[in-house]
Amino acid sequence: MSLPDLRLPSPLVELHDERAQRRGVELYLKRDDLIHPELRGNKWRKLQHNITAAKEQGFKRLLTFGGAFSNHVSATAAAGSHFGFETIGVIRGEEHLPLNDTLAQAGGHGMTLTYLDRQTYRNKTDPVVLQRLHEELGDFYLVPEGGSNALALKGCAELPAEITIPFNVICCAVGTGGTLAGIAHGLQQGQRALGFAALKGGDFLNSDVDQLQHDAFGSTSGNWLIETEFHFGGFAKRKPELADFIADFQARHGIQLDWVYVAKMLYGVFTLIDRGRFAPGTRVVAVITG
Ligand SMILES: *Cc1c(COP(=O)(O)O)cnc(C)c1O
């Protein structure tokens with residue numbers, strides 16, 4: 001099952017950047033941001049097999065959870081409208097009108113938005129809360145917050161095989177860790193995955209990624225690491241250095257980076273390259289997840 005206009009495999013492009021070249025590192029970008037204008041990057045990879053499963057199981061409706069700025073919620077809305085599902089987005093906190101762009105986009109795809117107070121939201125996977133949602137909203141296929149379930153990991157695990165040149169390290173941003181967990185599982189012997197946490201205090205992500213891999217594949221792959229120092233103050237927080245980095249990258253390469261995830265990851269990649277973390281001759285692929 002696919003959309004006619006999905007760009008898959010996503011393009012792999014070599015990045016000519018003196019900051020890598022002077023350390024002898026070959027840097028490539030895996031442009032998942034170009035997969036589709038609305039079903040971008042890792043959000044499509046994570047949803048794809050869930051949509052197939054929902055169709056096979058006869059569901060008419062997808063329900064998912066997220067904060068008011070969740071790319072996952074708007075991607076679910078877009079996917080639902082493309083594939084003929086009703087969609088429900090359960091949003092953390094109160095409704096704020098006018099809707100921000102993310103939620104407005106979701107609404108534009110016909111998503112029904114409903115809100116849970118923060119306390120209830122915290123318990124959203126509790127059977128009692130789910131039962132109440134079922135009673136209020138009818139039957140639905142549940143996609144978890146951030147979209148990271150076993151089928152999502154399966155979709156992300158397909159990414160490395162799209163890369164037809166040899167490489168040593170693959171880098172991606174980490175929110176829930178589902179993308180990293182899937183990609184790491186899909187690597188060949190000797191290749192390693194490096195995740196960059198977009199949020200502060202990301203050490204807990206190590207056990208989350210272990211758990212996600214365990215649930216999806218029955219074992220952990222042990223070939224990945226998470227860098228936790230490049231959060232710039234926390235999730236969706238930014239600092240002037242990050243804005244400068246984004247502007248400079250745009251000037252050098254003509255690519256506008258997503259600042260919540262991708263810019264933090266690439267800032268981290270260039271910092272590690274500069275610190276000599278990668279031996280000369282290392283080929284690094286950075287995934288532009290959205
Ligand atoms: C959602 C998102 C991520 C985080 O993915 P996880 O699987 O939750 O770790 C990374 N990059 C972009 C651009 C995203 O939108």
Side-chain angles (χ1 to χ4, degrees), residues 10 29-50 64-79 89 101-103 105-106 143-160 170-186 193-213 215-217 224-228 230-232 234-236 238 242 246 249 255-269 285-290:
S10 65
L29 302 182
K30 177 74 170 149
R31 296 289 307 272
D32 269 17
D33 56 316
L34 301 178
I35 289 177
H36 190 273
E38 285 162 341
L39 292 169
R40 260 184 307 191
N42 68 339
K43 298 300 181 284
W44 167 246
R45 293 192 191 273
K46 291 167 80 168
L47 281 167
Q48 178 181 10
H49 295 298
N50 279 292
T64 197
F65 297 96
F69 294 93
S70 167
N71 289 338
H72 162 69
V73 167
S74 62
T76 304
D101 289 351
T102 309
L103 294 184
Q105 214 175 56
V143 183
E145 181 180 40
S148 289
N149 57 11
L151 290 175
L153 266 65
K154 181 180 168 204
C156 294
E158 292 163 1
L159 183 150
I170 188 162
C171 299
C172 70
V174 175
T176 63
T179 303
L180 175 68
I183 287 174
H185 179 82
L194 200 52
F196 293 78
L199 44 88
K200 197 163 150 178
D203 288 327
F204 71 91
L205 290 164
N206 287 300
S207 53
D208 284 8
V209 171
D210 262 339
Q211 187 66 46
L212 285 164
Q213 285 196 323
D215 294 346
F217 309 120
W224 51 271
L225 253 177
I226 301 177
E227 297 291 335
T228 56
F230 303 105
H231 56 72
F232 290 88
F235 186 68
R238 48 173 132 195
L242 188 66
I246 291 170
F249 197 88
I255 298 174
Q256 183 65 38
L257 301 175
D258 154 81
W259 62 272
V260 177
Y261 292 103
V262 176
K264 292 181 182 182
M265 180 274 297
L266 273 180
Y267 186 102
V269 170
V285 176
V287 183
I288 308 302
T289 37

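We count ligands from 1, going down the list as the structure has it; atoms in each ligand are counted the same way.
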Angle class for the Phe230/Phe196 ring planes (parallel below 30°, perpendicular above 60°, tilted otherwise)? tilted
Below 4.5 Å, heavy atoms only, C-beta onward: do Val262 and Thr289 meet side chain to side chain? yes
Going by heavy atoms in the side chains, are Lys30 and Ile170 under 4.5 Å from each other? no
Give the atom numbers and elements of ligand 1 that come within less than 4.0 Å of a heavy atom of [X].
X	answer
Thr179	5 (O), 6 (P), 7 (O)
Gly290	13 (C)
Gly175	4 (C), 6 (P), 8 (O), 9 (O)
Val174	9 (O)
Asn71	15 (O)

Identify the closest protein heavy atom to [atom]: which residue and atom is it, and at what distance?
atom	result
atom 8 (O) of ligand 1	Thr176 OG1, 2.6 Å
atom 11 (N) of ligand 1	Thr289 OG1, 2.7 Å
atom 3 (C) of ligand 1	Asn42 ND2, 3.3 Å

Answer with yes or no whether the side chains of Asp215 and Gln211 bring together a donor and an acceptor at under 3.5 Å. yes
Using heavy atoms and a 4.0 Å limit, tell me yes or no: is Gly41 in contact with ligand 1? no
Strictly under 4.0 Å, does any heavy atom of Lys46 approach an atom of ligand 1? yes
Residue Phe69 excluded, over 12 heavy atoms near CZ under 6.0 Å: no
Going from CG on Leu242 to CH2 on Trp259, what distance comes out if it is rounded to the nearest 0.5 angstrom? 8.5 Å
Rounded to the nearest 0.5 Å, what separates atom CZ in Phe204 from atom OG1 in Thr228? 10.5 Å
Is there a side chain to side chain contact (heavy atoms under 4.5 Å, CB included) between Asp32 and Ile35? Walk through the geometry before answering. CA-CA 5 Å; Asp32 269 17; Ile35 289 177; 3.7 Å; yes
Pairs of nitrogen or oxygen atoms closer than 3.5 Å, one from Val262 and one from ligand 1: do any exist? no
Please state which part of Leu180 comes within less than 4.0 Å of ligand 1, counting heavy atoms only: side chain, backbone, both or neither. neither
Between Lys43 and ligand 1, find which residue part has any heavy-atom pair under 4.0 Å and reply side chain, backbone, both or neither. side chain
Which atom of Ala152 lies closest to which atom of Gly147, heavy atoms considered: CB-O, 2.9 Å
